[in-house]
Amino acid sequence: MKKKNPSALEPTNTSLEVRRFRLSFLYAVPIGLLGGLIGLGGAEFRLPVLAGTLGYSVRQAVPINLAVSLITIAASLVIRGSRLSFSPIIPLLPVIFSLIAGAVITAFFGVVIAAKLSNEQLERIILVLLVFIGIALIVEGFLPQQIPALLPPALSWRILAGILFGLAIGLVSSLLGVAGGEVIIPTLIFAFGADIKTAGTASLLVSLPTVLVGVIKYASRGAFVDRRALSNTIAPMGVGSVIGAIIGGMLVDLFPASVLKITLGVILNISAFRVFHKARYSRIKR
């Protein structure tokens, strides 16, 4: 049996890394821009790119997406802190801490749950969650930006509801590798009556510890052992996402957010089915 020449594999591996580096940045900028226009990080749109275009397995794509989300959240907090006051979130602090308490619990255990699932089960769950987020974006596009709080103002109700919502947010974050703004912002607006700008800032404060716990847990399980992913995907995608988000934030007044949310919700559903449903169908055909 003829032995393969190890050097023959190097051009292929090198070209793949270069391709991933370029595409990671090129895709991240428009995704970050669109996310900035609607007040989200864009992680839900990055996941189909990671698992589809860039060729990562779903188990690799989720922690990579989470690491990029951590970069974008940190940058967004710095940018928002330099432009807006944090004083409007003070009345929401009990809710914010309750959301964090619930979210970090499931962010931790969500990683453990994901590890126990088969690739097929994980892909199926991710498909369902992405479709749910896509539908939520579409529905949110038809709703007013601020409505009276659906929950009673009693502090006990708000804390309990915050913990329960947080549990769902942390699970979605750890399974998809997202910051959770797609769920946190509507929750703060409709359940707790926050205005859109305050909800955006509060969402970042909830997302930061949630994503950080997820990244640490994934790292402890060896998700980032391959350092090449840090240099050829996470770094360029993080930089591209931040650049796109800044541009999107500057252009936010030029485009109606409701129309963008409806459009992006449809695109997300199509992308999710193309990547995850197609992958499952391909395995069945084999």
Side-chain angles (χ1 to χ4, degrees), residues 24-25 27-51 54 56 58-80 99-100 103-104 106-108 110-111 114 122 126 129-130 133-134 136-137 166 168-187 199-221 223-224 229-246 248-249 264 268 271-272:
S24 294
F25 181 81
Y27 272 95
V29 173
I31 289 174
L33 188 152
L34 291 171
L37 287 172
I38 63 174
L40 298 176
E44 65 283 354
F45 297 98
R46 288 197 304 266
L47 189 55
V49 172
L50 287 165
L54 298 184
Y56 285 103
V58 67
R59 292 196 182 279
Q60 294 172 307
V62 170
I64 289 173
N65 199 25
L66 204 62
V68 176
S69 294
L70 185 61
I71 296 172
T72 57
I73 293 167
S76 297
L77 268 173
V78 172
I79 295 167
R80 187 171 284 257
L99 288 168
I100 292 173
V104 295
T106 44
F108 181 89
V111 177
L122 189 57
I126 288 175
L129 290 175
L130 287 178
I133 290 173
L137 281 172
I169 289 163
L171 189 60
V172 171
S173 175
S174 61
L175 290 177
L176 294 184
V178 300
E182 308 84 351
V183 183
I184 300 170
I185 292 176
T187 298
T201 304
S203 172
L204 293 173
L205 294 174
V206 174
S207 296
L208 184 61
T210 304
V211 171
L212 182 60
V213 167
V215 169
I216 292 172
K217 186 60 180 175
Y218 270 114
S220 71
R221 300 182 73 90
F224 304 110
L230 295 173
S231 59
N232 63 36
T233 304
I234 294 174
M237 191 166 268
V239 172
S241 296
V242 172
I243 292 172
I246 292 172
L264 292 177
L268 179 58
S271 300

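Residue numbers run from 1 in the order of the sequence given.
The shortest distance between side-chain heavy atoms of Leu176 and Ile133 falls below 4.5 Å. Between Val29 and Phe25, the closest side-chain pair of non-hydrogen atoms falls below 4.5 Å. The shortest side-chain heavy-atom distance between Ser174 and Lys217 does not fall under the 4.5 Å cut-off.
Residue Ala75 comes nearest to Val242 through the heavy atom pair CB-CG2, 3.6 Å, listed as atom of the first residue, atom of the second, then distance. Closest heavy-atom contact between Ser69 and Gly177: OG-O, 3.1 Å. Closest non-hydrogen pair, Thr106 versus Gly166, comes out as OG1-O, 3.7 Å. Contact record, Ser173 with Leu66: O-CD1, 3.6 Å, taken as the closest heavy-atom pair. Across every non-hydrogen atom of Ala103 and Ile169, the tightest pair is CB-CG2, 4.5 Å. Closest heavy-atom contact between Leu47 and Ala61: CD1-CB, 3.9 Å.
Met237 CE to Ile31 CD1: the interatomic distance, rounded to the nearest 0.5 Å, is 6.0 Å. Interatomic distance, CG of Leu50 versus OG of Ser24, reported as 7.0 Å (0.5 Å rounding). With values rounded to the nearest 0.5 angstrom, Thr233 atom OG1 is found 11.5 Å from Asn65 atom CG. For the atom pair Glu44 CD and Leu264 CG, the distance stands at 8.5 Å (nearest 0.5 Å). Here the CD-CG distance, from Gln60 to Leu54, works out to 11.0 Å after rounding to the nearest 0.5 Å. Here Ile243 contributes atom CD1 and Thr72 contributes atom OG1; the two are 13.0 Å apart, rounded to the nearest 0.5 Å.
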Name the atoms and distances for all side-chain donor-acceptor pairs under 3.5 Å in residues 202-213, with sequence neighbours left out.
{"from": "Ser207", "atom 1": "OG", "to": "Ala179", "atom 2": "O", "distance (Å)": "2.8"}
{"from": "Ser207", "atom 1": "OG", "to": "Ser203", "atom 2": "O", "distance (Å)": "2.8"}
{"from": "Thr210", "atom 1": "OG1", "to": "Val206", "atom 2": "O", "distance (Å)": "2.8"}

From CA spacing to verdict: side-chain contact (heavy atoms from CB on, under 4.5 Å), Ile71, Ser241: CA-CA 9 Å; Ile71 296 172; Ser241 296; over 6 Å; no
Worked check of side-chain contact (heavy atoms from CB on, under 4.5 Å) between Leu129 and Val178: CA-CA 11 Å; Leu129 290 175; Val178 300; over 6 Å; no
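Atom CZ of Phe45 sits in a crowded spot, with more than 12 heavy atoms from other residues, nucleotides or ligands closer than 6.0 Å.
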